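Let me begin by presenting the structure, written as structure tokens, before commenting on it.
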Number of protein chains: 2
Amino acid sequence: MVGVIDGRQAAARLVATYSCIANDMRYTAAVFDHCLYFNTSALARRLEREWSAAFEPFDLTPPQAFMLRAVIERQGLLQSELSEALSIARPTATRALDGLEAKGYVERYRSAVDGREVSILPTPKAVRLRNALNEASGAVTARLKKELGGGAFAGAVAVIRGIRSALE
Amino acid sequence: MVGVIDGRQAAARLVATYSCIANDMRYTAAVFDHCLYFNTSALARRLEREWSAAFEPFDLTPPQAFMLRAVIERQGLLQSELSEALSIARPTATRALDGLEAKGYVERYRSAVDGREVSILPTPKAVRLRNALNEASGAVTARLKKELGGGAFAGAVAVIRGIRSALE
DNA sequence: CCCATATAGTTGCATAGCTAATTACAGGAG
DNA sequence: CTCCTGTAATTAGCTATGCAACTATATGGG
């Protein structure tokens, strides 16, 4: 904390709120309106809240729930394959699986073929959650589709996936 | 670590890799292809890498750099206004500003009008970075625009921003 | 004036993500 | 066989993020 601002400066602040010295566009509301990074990160944070609420009844965070769903749908994948499927770094996969293992949802099996690899299998308790997890996620999707319009929603997902794949 | 998987099970794993019991679509490559949350989060992580490299010469992470750019472009905003402008929670803004203050890029001024509020101003050292920061970000944008096609890029940003604003 | 309520900012705690470094195993060159 | 190199997973350490709780200030009612 460095100083105190007086009333005159506070008034100047209010003007600054609604003007943009940077690009001669005055009364621009948002600073990074046209930035792909900014809008994508902000949307990701916003969506995290939606899916967080959806998985809250299972006491799972969205990353945990998506990892578990992947383990259930693709039984026996190696950790490296899971990290690739979920587009996360391998240490992140290690920790997500640590958490799910501690909760009794997954088991690790070291491969007899290659002793470095570890296969992941869901426990029966996890498999029993499968439909409920899919439905919880599907309910959020259905709600957003309704709010945003079905066509717009599918188009948006396609656009976002398209950018992802264009960046490898 | 619970057990060891044998060769036969390993073979079954490979089949599982490329089939999807969940929805009768076999040979589906990606598990959550149609999920808005999954694709958006994954894209956000990918873009974080791009912008991270862009701001690396300034020893700033993307969140730090975007906060600093907002402070420079909207001089004198309150912390609450900055957190809203950047779509982050107020504690996150507090910590981002702590870091920028420690680096000598921003100064906090407690409002004389309302002693709870704090106005943020960039230091001259920060203002001198302004063009370079904008250009660093613009260079990434330009490169991606070229890779993805200008129309597709602008359309994608519009779509993503549209979803953001539809969710308030 | 004093108290109750509200608000701005901060702090504590937890999760998730990354890179770099480490450990354990695999596989080929000599 | 031994060593060197490569790779899967883990560990260490950092940043960013959010919610909940706390502090300090403001404001309106008695």
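Just so we're clear, the structure is a prediction, and the values are computed from it rather than from any experiment.
What separates CZ of B:Arg116 from P of D:dT25 is a distance of 11 Å, to the nearest Å. The distance from atom CD of A:Gln79 to atom C1' of C:dA24 is 14 Å, rounded to the nearest whole Å. For A:Leu47 and D:dT17, the CG to P distance is 15 Å, given to the nearest whole Å. Between the CZ atom of A:Arg108 and the C1' atom of C:dA24 there is a distance of 15 Å, rounded to whole Å. Regarding B:Phe55, its CZ atom lies at a distance of 18 Å from the P atom of D:dT15, rounded to whole Å.
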Let me have the donor-acceptor pairs involving side chains of residues 59-70 of chain A, under 3.5 Å, with sequence neighbours excluded, atom names and distances please.
residue: A:Thr61; atom: OG1; partner: A:Gln64; partner atom: N; Å: 3.3
residue: A:Thr61; atom: OG1; partner: A:Gln64; partner atom: OE1; Å: 3.3
residue: A:Gln64; atom: OE1; partner: A:Thr61; partner atom: N; Å: 2.9
residue: A:Arg69; atom: NE; partner: A:Asn134; partner atom: OD1; Å: 2.9
residue: A:Arg69; atom: NH1; partner: A:Ser137; partner atom: OG; Å: 3.2
residue: A:Arg69; atom: NH2; partner: A:Asn134; partner atom: OD1; Å: 3.2

With sugar-phosphate taken as primed atoms, P, OP1 and OP2 and all else as base, the protein-contact string of nucleotides 15-23 of chain C at under 4.0 Å (heavy atoms; B, S, -) is SSSBBB---

Would A:Glu50 and B:Tyr37 count as a side chain to side chain donor-acceptor pair (under 3.5 Å) if you check the C-alpha gap in whole Å, the side-chain angles of each, and the deciding distance to 0.1 Å?
CA-CA 9 Å; A:Glu50 301 291 336; B:Tyr37 165 77; over 6 Å; no

Applying side chain to side chain donor-acceptor pair (under 3.5 Å) to B:Arg164 and B:Ser87, what does each step give before you reach the verdict?
CA-CA 10 Å; B:Arg164 281 187 63 210; B:Ser87 289; 2.8 Å; yes

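In this structure, A:Phe153 has no ring-ring contact (aromatic ring centres under 6.0 Å, His included) partners at least two apart in sequence or on a different chain.
Minimum atom distance to the side chain of B:Glu117 is reached by C:dG9, of the listed C:dG9, C:dA26, C:dT7.
A:Ser111 and A:Arg116 are not linked by any side-chain donor-acceptor pair at a separation below 3.5 angstrom, with hydrogens and angles left out of the test.
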